[in-house]
**Q** 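Quick one: the structure is below, and I'll ask about it shortly.
This is a predicted model, so every value here is computed, not measured. Numbering of ligands and ligand atoms starts at 1, following listing order.
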Amino acid sequence: MPHSRFKRVLLKLSGEVLMGEQQFGIDPSYVARLAEEVKAAKDTGLEVCLVIGGGNIFRGISGAAKGLDRTTGDYMGMLATVMNALAMQNALEKAGVQTRVQSAIPMASVCEPYIRRRAERHLEKGRVVIFAAGTGNPFFTTDTGAALRAAEMGCDALFKGTSVDGVYDCDPKKFPDATRFETITYSKVLSDNLKVMDAAAVALCRENNIPIVVFSIREKGNLAHVLAGNGIQTTVQEEAE
Ligand code: UDP
């Protein structure tokens, strides 16, 4: 599927990709590599919104498993996404890309609050906008935050860069004969409970007709290939082609 018709996209990166080869946290050299890929995408004339997860630092659900209140854990997880957003902003600006971070949880000394019209203006001026703190609410994920911002900002597609190169009929890490879909409908993802994004995110994209492109960001240069419609990926959309 050629993506050249897209004007504005939202790129969602799982927190875990910021770890590079580490087991935890942020690897600045890997973040710098990701920033170069985002810059290359922007240099093609695309308007780029970014949402970064927090799973490399903290997930509310794992805190809850160890006895923390789920809501407290979720707020901690949202704060983790702000740290990742700042790391990515730093890397992008070092690469010469003007970037603004907007957080769903206001923290005036650190970044801007989320204001849609202001984000719109940043994009018009050619800046990358990183939306931090997910939806700002516990019991959600940054995937849902990404779907929400993609809908609000009128993005043409949501690109989900992760460690897996698409959507499979079963877990490719456990089952070597798992088959990757080229395209798949939102409804099949939901009915088969396929692990692409959480159901709320998929439903929001379906309602707003935003295609979800799942691809591996771990291979160098893959974002550019996928944006050009060439790379290995799965597109979740209304009608499978
Ligand atoms: N989170 C939340 N509400 C949101 C977005 C995120 O409570 O709208 C919390 C939640 O605890 C989640 C954590 O932040 O586990 C990190 O986000 P996520 O797990 O989506 O990160 P990723 O898996 O993409 O790295």
Side-chain angles (χ1 to χ4, degrees), residues 9-27 30-31 34 37-38 49-89 91 101-107 110-111 113-114 116 119 129-153 155 158-167 171 173 189 194-205 208 212-218 223 236:
V9 297
L10 188 143
L11 173 64
K12 156 77 209 290
L13 300 177
S14 322
E16 62 177 27
V17 301
L18 272 60
M19 301 189 299
E21 299 307 317
Q22 299 175 181
Q23 298 301 310
F24 173 83
I26 299 171
D27 177 349
Y30 201 79
V31 180
L34 293 171
E37 298 217 17
V38 174
C49 305
L50 268 179
V51 168
I52 305 175
N56 55 322
I57 301 173
F58 201 82
R59 278 206 174 90
I61 209 149
S62 28
K66 293 179 188 146
L68 204 67
D69 284 351
R70 172 68 193 268
T71 44
T72 303
D74 279 343
Y75 280 110
M76 290 167 69
M78 285 186 266
L79 295 179
T81 73
V82 180
M83 289 196 235
N84 284 338
L86 294 180
M88 181 55 87
Q89 177 179 40
V101 176
Q102 292 201 342
S103 171
I105 299 175
M107 40 185 101
V110 175
C111 57
Y114 171 63
R116 190 185 65 81
V129 184
I130 308 177
F131 297 110
T135 65
N137 300 292
F139 302 104
F140 287 95
T141 65
T142 50
D143 281 351
T144 305
L148 178 64
R149 295 294 181 245
E152 283 187 273
M153 299 307 300
C155 293
L158 193 169
F159 284 78
K160 174 163 167 151
T162 181
S163 317
V164 190
D165 61 4
V167 183
D171 186 350
K173 286 178 185 150
V189 167
L194 297 174
K195 303 282 173 245
V196 184
M197 288 185 135
D198 54 271
V202 176
L204 204 50
C205 287
N208 293 286
I212 306 167
V213 182
V214 183
F215 70 102
S216 166
I217 190 83
R218 288 209 175 260
L223 175 62
V236 186

**Q** State, yes or no, whether a side-chain contact exists between Thr162 and Glu16 at a heavy-atom distance under 4.5 Å.
**A** yes

**Q** For ligand 1, which atoms, with element, lie under 4.0 Å from some heavy atom of Gly15?
**A**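 By the 4.0 Å cutoff, the relevant atoms are 22 (P), 24 (O), 25 (O).
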
**Q** Specify the protein heavy atom at minimum distance from atom 5 (C) of ligand 1: its residue, its atom name, and the distance to 0.1 Å.
**A** Thr141 C, 3.3 Å

**Q** Would you check whether Tyr75 reaches within less than 4.0 Å of ligand 1, judged by its heavy atoms?
**A** no

**Q** Would one find an N or O of Ser14, backbone or side chain, under 3.5 Å from an N or O of ligand 1?
**A**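 It does not: no N or O of Ser14 is found under 3.5 Å from an N or O of ligand 1.
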
**Q** Is the closest heavy-atom distance from Pro138 to ligand 1 below 4.0 Å?
**A** yes

**Q** Flag the pair Lys195 and Asp171 as a salt bridge only when some basic side-chain nitrogen lies within less than 4.0 angstrom of an acidic carboxylate oxygen.
**A** no

**Q** Which distance, rounded to the nearest 0.5 Å, do you find between the CG of Leu50 and the CZ of Phe131?
**A** 9.5 Å

**Q** Using a 4.0 Å cut-off to any heavy atom of Thr135, which atoms of ligand 1 qualify?
**A**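 Answer for ligand 1: 4 (C), 8 (O).
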
**Q** Considering all heavy atoms of both residues, which atom of Ala119 and which atom of Val129 are nearest to each other, and what is their separation?
**A**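 Smallest heavy-atom distance, with atoms named: O-CG2, 3.9 Å.
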
**Q** Quick test: of every protein heavy atom, which one is nearest to atom 14 (O) of ligand 1, and how far off is it to 0.1 Å?
**A**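 I find the closest protein heavy atom is Gly77 C, 3.1 Å.
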
**Q** What pair of heavy atoms forms the shortest contact from Pro138 to Tyr75, and how long is it?
**A** CD-OH, 3.5 Å

**Q** Heavy-atom contacts with Lys12 under 4.0 Å: which atoms of ligand 1 show up? List them by number with element.
**A**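 Result: 24 (O).
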
**Q** For Leu34 and Leu18: C-alpha separation, side-chain torsions, deciding distance, then whether side chain to side chain contact (heavy atoms under 4.5 Å, CB included) applies.
**A** CA-CA 8 Å; Leu34 293 171; Leu18 272 60; 4.0 Å; yes

**Q** What's the shortest distance from atom 9 (C) of ligand 1 to any protein heavy atom, and which residue and atom give it?
**A** Asp74 O, 3.4 Å

**Q** Out of all atoms in ligand 1, which are within 4.0 Å of some heavy atom of Phe58? Include the element for each.
**A** 13 (C), 16 (C)

**Q** What's the shortest distance from atom 2 (C) of ligand 1 to any protein heavy atom, and which residue and atom give it?
**A**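 Of the protein heavy atoms, Phe140 O, 3.1 Å lies nearest.
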
**Q** If I take atom CG from residue Leu148 and atom OH from residue Tyr114, how far apart are they, to the nearest 0.5 angstrom?
**A**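 So the gap between those two atoms works out to 7.0 Å.
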
**Q** Give, for atom CG of Leu158 and atom CZ of Arg149, the distance between the pair rounded to the nearest 0.5 Å.
**A** 12.5 Å

**Q** Starting from atom 20 (O) of ligand 1, which protein heavy atom do you reach first, and at what distance in Å?
**A**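 Sorting protein heavy atoms by distance from atom 20 (O) of ligand 1 puts Thr142 OG1, 2.5 Å first.
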
**Q** Find the distance between OG1 (Thr135) and CD1 (Ile105) and round it off to the nearest 0.5 Å.
**A** 8.5 Å

**Q** Enter the distance from Ile26:CD1 to Asn84:CG here, rounded to the nearest 0.5 Å.
**A**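 Those atoms lie 4.5 Å apart.
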
**Q** Out of all atoms in ligand 1, which are within 4.0 Å of some heavy atom of Gly53? Include the element for each.
**A**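 So the atoms of ligand 1 that pass are 21 (O), 22 (P), 24 (O), 25 (O).
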
**Q** Any N or O on Gly54 sitting closer than 3.5 Å to an N or O of ligand 1?
**A**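 Between Gly54 and ligand 1, an N or O pair is found under 3.5 Å apart.
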
**Q** Measuring from Thr141:OG1 to Met78:CE, what's the distance to the nearest 0.5 Å?
**A**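 Going from OG1 on Thr141 over to CE on Met78, the span is 11.0 Å.
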
**Q** Going by the order shown, which atoms of ligand 1 are within less than 4.0 Å of some heavy atom of Gly55?
**A** 21 (O), 22 (P), 25 (O)

**Q** Atoms of ligand 1 less than 4.0 Å from Asn137 heavy atoms?
**A** 2 (C), 3 (N), 4 (C), 7 (O), 8 (O)

**Q** Could you tell me the residue and atom name of the protein heavy atom closest to atom 19 (O) of ligand 1, and the distance to it rounded to 0.1 Å?
**A** Arg59 NE, 3.2 Å

**Q** Could you say whether the N/O atoms of Gly60 and ligand 1 ever approach to under 3.5 Å?
**A** yes

